[in-house]
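This one's a predicted model, so the numbers in the text were calculated from it and none came from an experiment.
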Amino acid sequence: MTGKKRIFSGAQPSGSVTLGNYLGAIKNWVELQDEYDCIYCIVDLHALTVRQDPKVFRERCYSFLAQYLACGLDPEKSVIYFQSHVSAHAELAWILNCYTYVGELSRMTQFKEKAKKHRDNINAGLFTYPVLMAADILLFKTDLVPVGEDQKQHIELTRDIAVRFNNLYGEVFKIPEAYIPKVGARIMSLQDPTKKMSKSDENENSYILVLDSPDLIMKKFKKAVTDSEAVVRYDEVAKPGISNLMNIYAAMTGRSFEEIEREFDGQGYGAFKKAVAEAVIEGLKPIREKYEELMADKGYLESVIKNGAARAENIASETLKEVYDRIGLVPLPRR
Ligand code: TYM
């Protein structure tokens with residue numbers, strides 16, 4: 001091994017990559033690739049907790065991989081793969097289910113929100129979803145998990161499960177830490193800035209996708225909900241819309257909130273919204289171009305898929321073997 005700290009993270013291919021996914025997670029994943037030993041997963045099994053059309057889903061998974069790569073994830077530097085190609089995820093999830101309490105899972109905010117939204121399909125997978133996520137992370141003896149703010153609770157649960165297991169069987173798992181960016185960790189809906197920006201929102205004007213055209217991005221920002229004060233000033237409580245736009249602008253340009261307030265002093269919201277849209281369009285342009293190239297080269301995508309799965313499988317199967325051994329399952333005789 002390299003001696004570098006290990007990073008693991010993932011995103012669900014349940015739609016396209018949003019600006020929230022990009023700024024809260026993927027942009028940081030790209031920056032961490034040189035300094036850390038990084039593993040980035042497309043968590044396709046997680047996406048099955050809501051109904052997916054098989055044909056659409058498969059296409060979307062390919063597209064999601066191309067979006068990962070177009071954002072700058074580099075298969076030469078990082079392990080990039082589909083969760084369903086490494087069976088140890090599902091196997092370890094089963095084991096960890098037996099070390100996780102129903103009470104703990106009932107407290108998960110994401111479960112409560114999703115259960116409210118999908119009242120007709122509150123399946124067991126939705127409930128045990130955080131255990132699969134714990135398995136993802138623990139399989140790779142992960143040090144750091146770069147995620148947006150909304151995943152913090154799941155990582156705390158992962159730590160609790162890992163500590164519980166280690167207390168029973170000795171130090172098998174590394175206790176991972178969440179790694180949350182200072183800006184961009186919680187990008188809000190453009191239409192209701194008290195809600196998280198989400199690809200599953202019914203209102204398409206509420207989110208930006210990294211593959212949206214420049215015109216569409218401009219249109220969506222122009223429609224973004226603000227307030228009537230007409231002063232660009234950061235105040236999450238009184239001015240959630242403007243604060244969200246400032247957060248986006250800060251994450252895209254690297255400017256501080258004070259610098260942004262000075263830059264737009266005396267200007268109306270129209271000029272500010274236009275500047276935010278332009279910064280986003282400019283930042284996403286290379287991603288869109290690279291995406292088109294990648295989608296035209298299925299052979300390359302397949303080589304990435306194959307290679308990533310083999311590398312992930314190597315690491316994950318070792319951990320699973322260790323877990324099986326510690327809990328007393330009978331090893332398969334060699335001869
Ligand atoms: P998912 O697919 O919802 O989102 C992927 C990543 O994007 C971040 N994110 C956001 N960040 C800022 N603002 C937003 N509006 C926003 N929306 C999404 C998320 O925090 C996440 O980092 N359970 C995870 C996927 C997962 C995972 C894992 C992550 C499965 N196994 C293991 C880390 C490690 C999820 O649903 O992310």
Side-chain angles (χ1 to χ4, degrees), residues 1-10 12 36-46 48-49 78-108 110-111 123-147 151-179 307-335:
M1 276 281 77
T2 54
K4 288 178 178 175
K5 282 197 170 178
R6 162 101 18 105
I7 290 233
F8 179 94
S9 203
Q12 295 188 64
Y36 294 89
D37 175 19
C38 296
I39 303 177
Y40 297 125
C41 185
I42 297 178
V43 292
D44 49 1
L45 297 177
H46 275 97
L48 299 177
T49 53
S78 305
V79 176
I80 299 166
Y81 73 106
F82 284 104
Q83 185 183 32
S84 61
H85 292 160
V86 177
S87 59
H89 286 269
E91 292 171 271
L92 183 61
W94 170 254
I95 303 287
L96 298 182
N97 265 322
C98 303
Y99 298 86
T100 309
Y101 297 108
V102 167
E104 288 175 307
L105 294 175
S106 310
R107 285 195 290 276
M108 294 294 114
Q110 191 163 306
F111 168 69
N123 58 65
L126 198 62
F127 189 61
T128 59
Y129 175 112
V131 184
L132 180 57
M133 178 160 164
D136 302 342
I137 297 167
L138 298 178
L139 269 180
F140 294 93
K141 311 225 166 172
T142 304
D143 293 287
L144 295 172
V145 190
V147 283
Q151 295 302 316
K152 205 168 147 200
Q153 194 186 31
H154 287 159
I155 294 168
E156 276 159 14
L157 177 66
T158 302
R159 290 165 59 89
D160 291 345
I161 298 171
V163 168
R164 186 172 301 147
F165 193 95
N166 285 354
N167 283 341
L168 288 167
Y169 303 106
E171 297 296 304
V172 179
F173 296 127
K174 238 317 158 46
I175 310 303
E177 272 178 50
Y179 186 95
N307 201 344
R311 290 168 70 194
E313 167 71 30
N314 259 337
I315 307 168
S317 61
E318 280 302 308
T319 309
L320 187 69
K321 216 161 47 187
E322 206 183 329
V323 169
Y324 277 15
D325 181 52
R326 295 284 183 116
I327 56 183
L329 295 171
V330 173
L332 185 67
R334 281 175 191 257
R335 292 199 291 141

If you measure only the distance, is there a donor-acceptor pair under 3.5 Å linking the side chains of Ser87 and Glu91? yes

Would you check if there is a donor-acceptor pair between the side chains of Glu313 and His85 at a distance under 3.5 Å? no

Can you tell me how far the CG atom of Leu92 sits from the CG atom of Leu138, to the nearest 0.5 Å? 6.5 Å

Closest heavy-atom pair, Ala88 versus Ala316, reported as atoms and distance to 0.1 Å, is CB-CB, 3.9 Å

Got a second to check how far Leu144's CG is from Asp37's CG, nearest 0.5 Å? 11.5 Å

Kindly indicate, with the supporting measurements, whether the criterion side chain to side chain contact (heavy atoms under 4.5 Å, CB included) is fulfilled by Val147 and Tyr179. CA-CA 6 Å; Val147 283; Tyr179 186 95; over 6 Å; no

Parallel, tilted or perpendicular: which one describes the rings of Phe173 and Phe165, with boundaries at 30° and 60°? tilted

Rounded at 0.5 Å granularity, tell me how far CG in Leu132 sits from CD1 in Ile137. 10.0 Å

Judged by atom type as modelled, is there a donor-acceptor pair below 3.5 Å linking the side chain of Asn123 to the main-chain atoms of Thr49? yes

Leu139 CG to Leu96 CG distance, which is reported to the nearest 0.5 Å: 8.0 Å

Is there side-chain contact between Asn166 and Ile175, with at least one heavy-atom pair below 4.5 Å? yes

Are any of the side-chain heavy atoms of Tyr81 and Ile42 separated by less than 4.5 Å? no

SG of Cys41 to NE2 of His89, rounded to nearest 0.5 Å, is 4.5 Å

Examine distances only and state if a side-chain atom of Arg6 and a backbone atom of Phe140 form a donor-acceptor pair shorter than 3.5 Å. yes

Assess whether a salt bridge exists between Glu104 and Arg164, defined as any Lys/Arg side-chain N lying under 4.0 Å from an Asp/Glu carboxylate O. yes

Under 3.5 Å, side-chain donor or acceptor atoms of residues 154-163 against the rest of the protein: list the pairs with distances, not counting sequence neighbours.
| residue | atom | partner | partner atom | Å |
| --- | --- | --- | --- | --- |
| His154 | ND1 | Gln151 | OE1 | 2.9 |
| Thr158 | OG1 | His154 | O | 2.8 |
| Arg159 | NH1 | Pro176 | O | 2.8 |

Can you name the residues that form a side-chain hydrogen bond (donor to acceptor under 3.5 Å, both in side chains) with Ser78, not counting sequence neighbours? Gln33

Sidechain-backbone polar pair: Asp44 side chain, Phe82 backbone, donor-acceptor under 3.5 Å: no

Report the C-alpha separation of Tyr99 and Leu168 in whole Å, then their side-chain angles, then the decisive distance to 0.1 Å, and conclude whether the side chain to side chain contact (heavy atoms under 4.5 Å, CB included) test is met. CA-CA 10 Å; Tyr99 298 86; Leu168 288 167; 3.8 Å; yes

Leu105 and Pro130 have their tightest heavy-atom pair at CD2-CG, 3.9 Å

Pairwise distance CD1(Ile315) to CZ(Phe8) - rounded to 0.5 angstrom: 10.0 Å

In this structure, are over 12 heavy atoms from other groups packed under 6.0 Å from Phe127 atom CZ? yes

Report yes or no: does Gln110 contribute a side-chain atom to a donor-acceptor pair with the main-chain N or O of Tyr129 at less than 3.5 Å? no

Of all heavy-atom pairs between Gln83 and His46, which one has the smallest distance, and what is that distance? NE2-ND1, 3.2 Å

Walk me through it: do Leu126 and Phe111 pass the test side chain to side chain contact (heavy atoms under 4.5 Å, CB included)? CA-CA 7 Å; Leu126 198 62; Phe111 168 69; 4.1 Å; yes

Side-chain donor-acceptor contacts of residues 322-335 below 3.5 Å, not counting sequence neighbours, with atom names and distances?
| residue | atom | partner | partner atom | Å |
| --- | --- | --- | --- | --- |
| Glu322 | OE1 | Lys141 | NZ | 2.8 |
| Glu322 | OE2 | Lys141 | NZ | 3.4 |
| Arg326 | NH1 | Tyr169 | O | 2.6 |

